[in-house]
Amino acid sequence: AKSDAPAISIPDDEKGYELDVFCVPKHYEEDLDRVIIPHGLIMDRTERLARDIVRDMGTHHIVALCVLKGGYKFFADLLDYIKALNQNSDKSVPLTVDFIRLKSYCNDQSTNSVKVIGGDELSTLTGKNVLIVEDIVETGKTMETLLSLLSEYKPKMVKVVSLLVKRTPRSSGYRPDYIGFEVPDSFLVGYALDYNEYFRDLSHICILTEGAKEKYKV
């Protein structure tokens with residue numbers, strides 16, 4: 001994948017914003033260190049990602065493939081922007097959606113295997129422009145495995161959009177085609193990112209406190 005995808009880079013020492021300048025659910029106030037990406041900024045960036053995607057993929061039927069569960073919020077917002085472009089420009093493109101869940105499990109350290117759960121028969125992707133929508137890419141290994149799996153079905157084109165890409169030494173070097181934000185290797189929650197199912201009801205992307213990791217541990 002090309003690595004020159006433009007992204008908003010959030011530096012490692014990003015101060016972010018105090019919680020009291022935005023609306024944060026009361027029950028999470030003790031659990032969050034600070035807001036790192038406010039909701040409005042997420043939406044503005046997503047609008048531009050939609051435009052770039054339609055520019056590159058908009059000549060042919062797009063199948064948007066949402067990677068659950070994390071991706072659903074970003075997926076819904078991104079598709080709203082793509083639909084708006086479809087409705088308001090001279091050319092439009094058919095858009096269908098499908099949902100998959102990835103279970104990645106390591107039987108030993110060297111092999112990273114990914115099982116795809118759900119999704120209509122992946123064979124329906126043959127000859128289509130496929131857009132994989134992910135909330136966050138950390139090591140990139142899961143995505144690389146999914147891409148090699150999809151290539152067996154011979155889609156016309158496959159592009160990956162991820163709202164976030166983590167800067168981490170654990171990265172395989174994989175970069176999506178479209179990136180919203182490049183973020184520090186911190187523990188992030190909110191908007192699309194949960195921690196054991198908590199924090200999905202938080203609109204902004206925030207850094208979790210150390211104490212909260214214990215509190216919400218399964």
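Values reported hereafter were calculated over all heavy atoms of this structure, with side chains retained and with hydrogens, waters and symmetry mates removed.
Of the possible donor and acceptor atoms, none in the side chain of Ser171 sits under 3.5 Å from a partner among the backbone N and O of Thr168. Counting only distance, with no hydrogens or angles, the side chain of Ser172 and the backbone of Thr139 share a donor-acceptor pair below 3.5 Å. A donor-acceptor pair is defined here as one N or O able to donate and one able to accept, closer than 3.5 Å; such a pair exists between the side chain of Arg45 and the backbone of Ile179. Put simply, the side chain of Thr209 gets close to the backbone of Asp31: a donor and an acceptor are under 3.5 Å apart. Side chain of Tyr153 to backbone of Thr124: no donor-acceptor contact under 3.5 angstrom is found. Within the 3.5 Å criterion, the main-chain N or O of Ser186 finds a donor-acceptor partner in the side chain of Lys166. Within the 3.5 Å criterion, the main-chain N or O of Ile207 finds no donor-acceptor partner in the side chain of Arg34.
Rounding to the nearest 0.5 Å places NZ of Lys73 at 5.0 Å from NE2 of His39. The distance from atom OH of Tyr178 to atom OG of Ser162, rounded to the nearest 0.5 Å, is 13.5 Å. With rounding to the nearest 0.5 Å, the separation of CD in Glu30 from NZ in Lys215 is 7.0 Å. Taking CZ from Phe74 and OG1 from Thr46, the interatomic distance works out to 5.0 Å, rounded to the nearest 0.5 Å. Distance CZ/Arg200 to CG/Leu193: 9.0 Å, rounded to 0.5 Å. Separation of atoms CG (Leu49) and CG (Asp44) is listed at 11.0 Å; rounding is to 0.5 Å.
Of all heavy-atom pairs spanning Met157 and Asn129, the tightest one is CB-OD1, 3.2 Å. Nearest heavy atom pair, residue Val160 against residue Pro176, reads O-CB, 3.6 Å. Val67 and Glu134 make their closest contact through CG1-OE2, 3.6 Å (heavy atoms, listed as atom of the first residue, atom of the second, distance).
You'll find the side chain of Tyr174 stays beyond 4.5 Å of the side chain of Lys141, heavy atoms only. You'll find the side chain of Arg55 reaches within 4.5 Å of the side chain of Asp52, heavy atoms only. Counting heavy atoms from C-beta outward, Ile37 and Val183 have side chains that approach closer than 4.5 Å. Side-chain contact between Lys159 and Leu131 is present, with at least one heavy-atom pair separated by less than 4.5 Å. Contact annotation: the side chain of Asp56 never approaches that of Asp177 to less than 4.5 Å [non-hydrogen atoms, C-beta and beyond]. Side-chain contact between Tyr28 and Leu19: absent, with no pair of heavy atoms (C-beta onward) separated by less than 4.5 Å. Taking 4.5 Å as the limit, some side-chain heavy atom of Leu208 sits within range of a side-chain heavy atom of Leu32. No side-chain heavy atom of Ile36 sits under 4.5 Å from any side-chain heavy atom of Phe181.
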(request) Mind running side chain to side chain contact (heavy atoms under 4.5 Å, CB included) on Leu150 and Ile132 for me, showing each step along the way? (result) CA-CA 10 Å; Leu150 284 181; Ile132 301 171; 3.4 Å; yes
(request) Please assess Lys217 against Glu214 for the test salt bridge (charged side-chain N to carboxylate O under 4.0 Å, His left out), listing each intermediate value before the final yes or no. (result) CA-CA 5 Å; Lys217 208 162 74 177; Glu214 281 303 305; 3.4 Å; yes
(message) Does Tyr81 form a side chain to side chain contact (heavy atoms under 4.5 Å, CB included) with Met43? I'd like the steps, not just the answer.
(response) CA-CA 9 Å; Tyr81 283 122; Met43 298 304 280; 3.7 Å; yes
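Leu78 and Ile8 end up in the same hydrophobic cluster when Ile, Leu, Val, Met, Phe, Trp and Tyr side chains are linked at under 4.5 Å. Residues Tyr17 and Ile10 do not share a hydrophobic cluster, clusters being chains of Ile/Leu/Val/Met/Phe/Trp/Tyr side chains in contact below 4.5 Å. Both Leu202 and Tyr195 are members of a single hydrophobic cluster when ILVMFWY side chains are connected at heavy-atom separations under 4.5 Å. Both Val165 and Leu146 are members of a single hydrophobic cluster when ILVMFWY side chains are connected at heavy-atom separations under 4.5 Å. No chain of hydrophobic side-chain contacts below 4.5 Å, direct or via other Ile, Leu, Val, Met, Phe, Trp or Tyr residues, connects Phe75 to Phe199.
The neighbour count for Lys156 NZ, taken as heavy atoms of other residues, nucleotides or ligands under 6.0 Å away, does not exceed 12. Crowding of Glu18 atom CD: a count of heavy atoms from other residues, nucleotides or ligands under 6.0 Å not exceeding 12.
Screening Ile205, Asp135, Ile42 for a side-chain contact (heavy atoms from CB on, under 4.5 Å) involving Leu164 leaves a single residue, Ile205. With Val97 as the partner, the side-chain contact (heavy atoms from CB on, under 4.5 Å) test is satisfied by one option alone out of Leu65, Ile62, Leu79: Leu79.
Between Tyr198 and Tyr216, the two ring planes are tilted [angle within 30° to 60°]. A tilted orientation is assigned to the rings of His204 and Phe22, their planes being inclined by 30° to 60°.
Taking the charged nitrogens against the carboxylate oxygens, Lys213 and Glu210 do have a contact shorter than 4.0 Å, which makes a salt bridge.
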